[in-house]
Amino acid sequence: MPSLRKPVPARRLPLKDQAYEAIRHHIVTCRFAPGVRLNEAQVAEVLGLSRMPVRHALARLRLEGLVAIHPRKGIEVRPIDMEELLQIIDVRTVNECHAARLAAARITPADLSALGTTLRRTEAALARRDTEALMLLDRQFHDIIARAAGNPIVSALLANLHDRAARFWFISLEREGHQPEVLQEHRAILDALAARDAAAVARAMARHIAAFRRNVTRMIGSMPDRHAVPWVVRRGPVPGLEEPAA
C-alpha cells in the first residue's frame, strides 16, 4: 500500500472528516492509484484512527464516485474513465467560460491580488517541480474566478466539476512540459480579467481548457498498454488490473 505522506488534518475536524480528507487527497494525487484495492484496516492503522471513521469516509467517497465497494471483494479506487473526462471537459468549457465573462465585469481588486499571489506561488512550485502544489494552486486559481463571477449557482456547479476533475488535473500536470504552459495560460486569463475584457477572458479560458484536454488525451492515447502510465486505465474491464489487497 502507498505511504500516506499527507498529514492528517487538524484535530478540530471530526475523525470521519479527518479520514475523508486524508484518503481523498491520496486518491486525487494518485498515491492510491486507480484500480488499486484498499484495505480498510490498514488504512485505519496508518492514519492512526479507528476503522469506523475510515468506513464513514470510504462510504462518502463512494457517493462521490472515487471508490467502489464490492461485497466480499473489498474497496477499489475507481479507474479513470476517459468518457467521463471528456464529458466533464465539455461541461466545464461551457460553464467556466461563462463564469469568466461574468468575472470580467465583477472582479474586485482583492480578487485580482489573490490571483496574482496564486501565480507567484505557482512559479515557486514550478521551480521546485512540485506537481502536488501545482495541482492545488491550479484549483485555487479557478476557484477564485468562479467566486468572482458572483453567481453562487455557477460557482457551486464548477466546484463539483473541479472536484471530479482533480485526478485528471494531477495526471495532466505530471508532464513537466505542460506545467509552464499552464502558468502562461493562467497569466493570459489574469491579464484579460485585469483589463475587464469579457470576450478575451472567455477565449483565454477556452484555450486553457482545450490545452488540458489535448494534454490528457495525448498522454493516454500514446501509451502502448496500461503499464506505460500506471495510474490511467481505459473504460471497461482490463484483465489483471486489480491489485491484491494490502
Do you know which two heavy atoms are closest between [X] and [Y], and how far apart they sit?
X      : Y      : result
Arg101 : Val201 : N-CG1, 4.1 Å
Ala99  : Ala149 : O-CB, 3.5 Å
Leu61  : Tyr20  : CD2-CE1, 3.5 Å
Arg167 : Pro34  : NH1-CG, 3.6 Å
Ile145 : Ala103 : O-CB, 3.8 Å
Glu185 : Ala211 : OE2-CB, 3.3 Å

Note, [X] side chain near [Y] side chain (heavy atom, < 4.5 Å):
X      : Y      : value
Ile107 : Leu115 : yes
His142 : Arg92  : yes
Ile23  : Ile27  : yes
Asn39  : Val43  : no
Leu119 : Leu183 : yes
Thr217 : Met82  : yes
Val94  : Asp90  : no

- Message: In terms of relative ring orientation, are Phe212 and Trp169 parallel, tilted or perpendicular, with 30° and 60° separating the classes?
- Response: perpendicular
[X] side, atom [atom1]; [Y] side, atom [atom2] - distance, nearest 0.5 Å:
X      : Y      : atom1 : atom2 : value
Leu126 : Arg128 : CG    : CZ    : 10.0 Å
Arg139 : Leu134 : CZ    : CG    : 15.5 Å
Leu157 : Asn95  : CG    : CG    : 4.5 Å
Arg60  : Leu66  : CZ    : CG    : 11.0 Å
His26  : Leu47  : NE2   : CG    : 8.5 Å
Ile69  : Arg55  : CD1   : CZ    : 9.5 Å

Does [X] belong to the same Ile/Leu/Val/Met/Phe/Trp/Tyr cluster as [Y], with side-chain heavy atoms less than 4.5 Å apart forming each link?
X      : Y      : result
Leu102 : Met205 : no
Ile144 : Leu190 : yes
Val182 : Met135 : yes
Leu137 : Leu161 : no

Polar side-chain atom of [X] near backbone of [Y] as donor-acceptor pair, under 3.5 Å:
X      : Y      : result
His162 : Leu158 : yes
Arg37  : Ile75  : no
Asp111 : Thr108 : yes
Ser155 : Asn151 : no

- Report the C-alpha distance between His208 and Ile189 in whole Å, list the side-chain angles of each, state the deciding distance to 0.1 Å, and finish with yes or no for side-chain contact (heavy atoms from CB on, under 4.5 Å). CA-CA 9 Å; His208 175 50; Ile189 292 168; 4.1 Å; yes
- Message: Is there a side-chain contact (heavy atoms from CB on, under 4.5 Å) between Val67 and Arg78? Walk through the geometry before answering.
- Response: CA-CA 5 Å; Val67 303; Arg78 273 194 63 205; 5.7 Å; no
- Message: Looking at Leu63, I'd like to know if its CG atom is crowded, meaning that more than 12 non-hydrogen atoms belonging to other residues, nucleotides or ligands lie closer than 6.0 Å.
- Response: yes
Basic-acidic side-chain contact under 4.0 Å: [X], [Y]:
X      : Y      : value
Asp163 : Arg24  : yes
Asp197 : Arg203 : no
Glu84  : Arg164 : yes
Arg187 : Glu123 : yes

- Query: Do we see a donor-acceptor contact under 3.5 Å between the side chains of Arg121 and Thr118?
  - Reply: no
- Message: Do His25 and Glu132 pair up side chain to side chain, a donor and an acceptor below 3.5 Å, judged on atom types alone?
- Response: yes
- Task: Report the C-alpha separation of Arg147 and Asp143 in whole Å, then their side-chain angles, then the decisive distance to 0.1 Å, and conclude whether the side-chain contact (heavy atoms from CB on, under 4.5 Å) test is met.
- Result: CA-CA 6 Å; Arg147 290 194 299 271; Asp143 284 349; 3.6 Å; yes
